[in-house]
Peer 1: 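Got a structure for you, written out below as structure tokens; questions coming shortly.
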Protein chains: 2
Amino acid sequence: MSEARERVLDAAEKLFMDQGYAAISMRDIAGVLGLQQAALYYHVKGKEELFMAVVERNMQRQRTGLEQAIASAPDDLEAQLKAIAHWLVEHMPVDMIRMLRSDAAHISPTYASQLLRHVAESMMEPILSVIQPAQRRGEVQPMDPNLLAGMLIGVMNWVAYFDQEALLEMPTEAVIEQVIAVLLHGMIVR
Amino acid sequence: MSEARERVLDAAEKLFMDQGYAAISMRDIAGVLGLQQAALYYHVKGKEELFMAVVERNMQRQRTGLEQAIASAPDDLEAQLKAIAHWLVEHMPVDMIRMLRSDAAHISPTYASQLLRHVAESMMEPILSVIQPAQRRGEVQPMDPNLLAGMLIGVMNWVAYFDQEALLEMPTEAVIEQVIAVLLHGMIVR
DNA sequence: GTCTATAGTTCGATAGAC
DNA sequence: GTCTATCGAACTATAGAC
């Protein structure tokens, strides 16, 4: 991919992920780059194609980022979940549900189902690859692992929001520590 | 409030909460009601005013719904969290973070800060009113209660999404049971 | 590769008939 | 209370000069 197209994707990614597909115009994206709106069409086919290219690149990064975070962590559940949480709070699109619902509703059905598959393969899969072995070892409760993975993403989505808006006075590292502790051992004092 | 305006708010609520402020046009809302777009302006001042009226009414319902759910439940942490979760999965707007970020970015700053305050007062407050006494009793870990409340909302947001899209084969009641069990006692087998 | 110009559509909002 | 008609602005996308 050309370096110029890469820069277009960078600008589009920031805007689309922050505010959503419908809320961002091609002029907004061109404006960030100091270009006229029409100039974008030399690099991309249209708004939908641009959005899907952004999503695909981002999801590819999620997958490799999560897999590397897991591979670099010690081979135990707590360390791996912390590594996942650490990656997610810094690199996850801040609103996954908007992507899966609102954004998906405004692109073609083909693209929408691709979007869902990308999230399943690039975000759910790596997390499941940590949870499921731990369940087989009898370490984790024998409940639906998709629910556990969804809970982790849902929580981290909220943490990432708190973090970006600076709504907690704790350092990010401490927040992750506490969140993972609750998910592993519960909020109840034992 | 007139019955007709109420119907306008109903239609707008469903569309706005599902797809977001920017993605919905006044024509979309009128279409659901079988009206011409211009007819809406007899009932509301404009799109922003309509959106804020929808948010305010919804948040008022969240507050009374949550407070009643808590009051009707037995006076113990687990029962009250389940009551909250039960209410949220059925009545929460499906994407709180989109409301607080994307939607807020497309309305006037005054309205945006009102939106934030409504969420704090109508959703966070009732949840805090359950968590904080339990912390004072020494029942819950002495961590930031806002973080715990945010975790609950984040998780329930994801559960509500799973539930609406029918991505889990369990009945909703069982999902809530498992989610609250994890938040209270952790996913680790003890 | 980026520009200007513009076609064609859709948007929020207003005016005025009924 | 709802309609038709319409305005001005913003949108995606294309054509063609440079």
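Below, chain A is the first sequence line, B the second, and so on; all start at residue 1. Predicted model only: the values in this text are computed from it and were never measured. Computed from heavy atoms alone, side chains included, the values below leave out hydrogens, waters and symmetry copies.
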Peer 1: Quick one: side chain to side chain donor-acceptor pair (under 3.5 Å) pairs with a partner in residues 38-47 of chain B, sequence neighbours left out?
Peer 2: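 Output for this query is empty, none listed.
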Peer 1: Among residues at least two apart in sequence or on other chains, which ones pass salt bridge (charged side-chain N to carboxylate O under 4.0 Å, His left out) with B:Glu177?
Peer 2: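 So B:Glu177 forms a salt bridge (charged side-chain N to carboxylate O under 4.0 Å, His left out) with B:Lys82.
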Peer 1: Could you pull out all residues at least two apart from B:Ser25 that satisfy side-chain contact (heavy atoms from CB on, under 4.5 Å)?
Peer 2: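 In terms of side-chain contact (heavy atoms from CB on, under 4.5 Å), with neighbours along the sequence ignored, B:Ser25 is linked to B:Arg27, B:Asp28.
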Peer 1: Applying side-chain contact (heavy atoms from CB on, under 4.5 Å), can you list everything that pairs with B:Ser113, at least two apart in sequence or on another chain?
Peer 2: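 In terms of side-chain contact (heavy atoms from CB on, under 4.5 Å), with neighbours along the sequence ignored, B:Ser113 is linked to no residue.
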Peer 1: Just the rounded figure in Å: distance from P of C:dC11 to CG of B:Leu40.
Peer 2: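 About 13 Å, once rounded to whole Å.
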Peer 1: Going by number, which of residues 3-22 of chain B have a non-hydrogen atom under 4.0 Å from DNA chain D?
Peer 2: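 Going residue by residue through residues 3-22 of chain B, none turns out to have a heavy atom under 4.0 Å of DNA chain D.
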Peer 1: Could you pull out all residues at least two apart from B:Gln164 that satisfy side-chain contact (heavy atoms from CB on, under 4.5 Å)?
Peer 2: A:Arg101, B:Val94
Peer 1: Is there a residue in residues 101-111 of chain B whose heavy atoms reach under 4.0 Å of DNA chain D, and which residues are they?
Peer 2: none
Peer 1: For residues 108-118 of chain A, which residue pairs pass the salt bridge (Lys or Arg N to Asp or Glu O under 4.0 Å) check, not counting sequence neighbours?
Peer 2: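 Only A:Arg117-A:Glu121 qualify under salt bridge (Lys or Arg N to Asp or Glu O under 4.0 Å).
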Peer 1: Tell me, for nucleotides 12-18 of chain D in 5' to 3' order, what letter each nucleotide earns: B for a base near a protein heavy atom under 4.0 Å, S for only sugar-phosphate near one, - for neither?
Peer 2: BBB----
Peer 1: Using the salt bridge (charged side-chain N to carboxylate O under 4.0 Å, His left out) criterion, which residues pair with A:Glu56? Sequence neighbours excluded.
Peer 2: none
Peer 1: Under the rule for side-chain contact (heavy atoms from CB on, under 4.5 Å), what residues qualify as partners of A:Glu6, not counting sequence neighbours?
Peer 2: A:Met1, A:Arg57
Peer 1: Send over the distance from B:Leu33 CG to D:dC3 P, rounded to a whole Å.
Peer 2: 10 Å
Peer 1: Are A:Asp76 and A:Gln80 linked by a side-chain donor-acceptor pair shorter than 3.5 Å?
Peer 2: no
Peer 1: What pairs of donor and acceptor atoms, side-chain ones from residues 140-149 of chain B against any protein atom, are under 3.5 angstrom apart with sequence neighbours left out?
Peer 2:
| from | atom 1 | to | atom 2 | distance (Å) |
| --- | --- | --- | --- | --- |
| B:Gln141 | NE2 | A:Ile188 | O | 3.4 |
| B:Asp144 | OD1 | B:Asn146 | N | 2.8 |
| B:Asp144 | OD1 | B:Asn146 | ND2 | 3.3 |

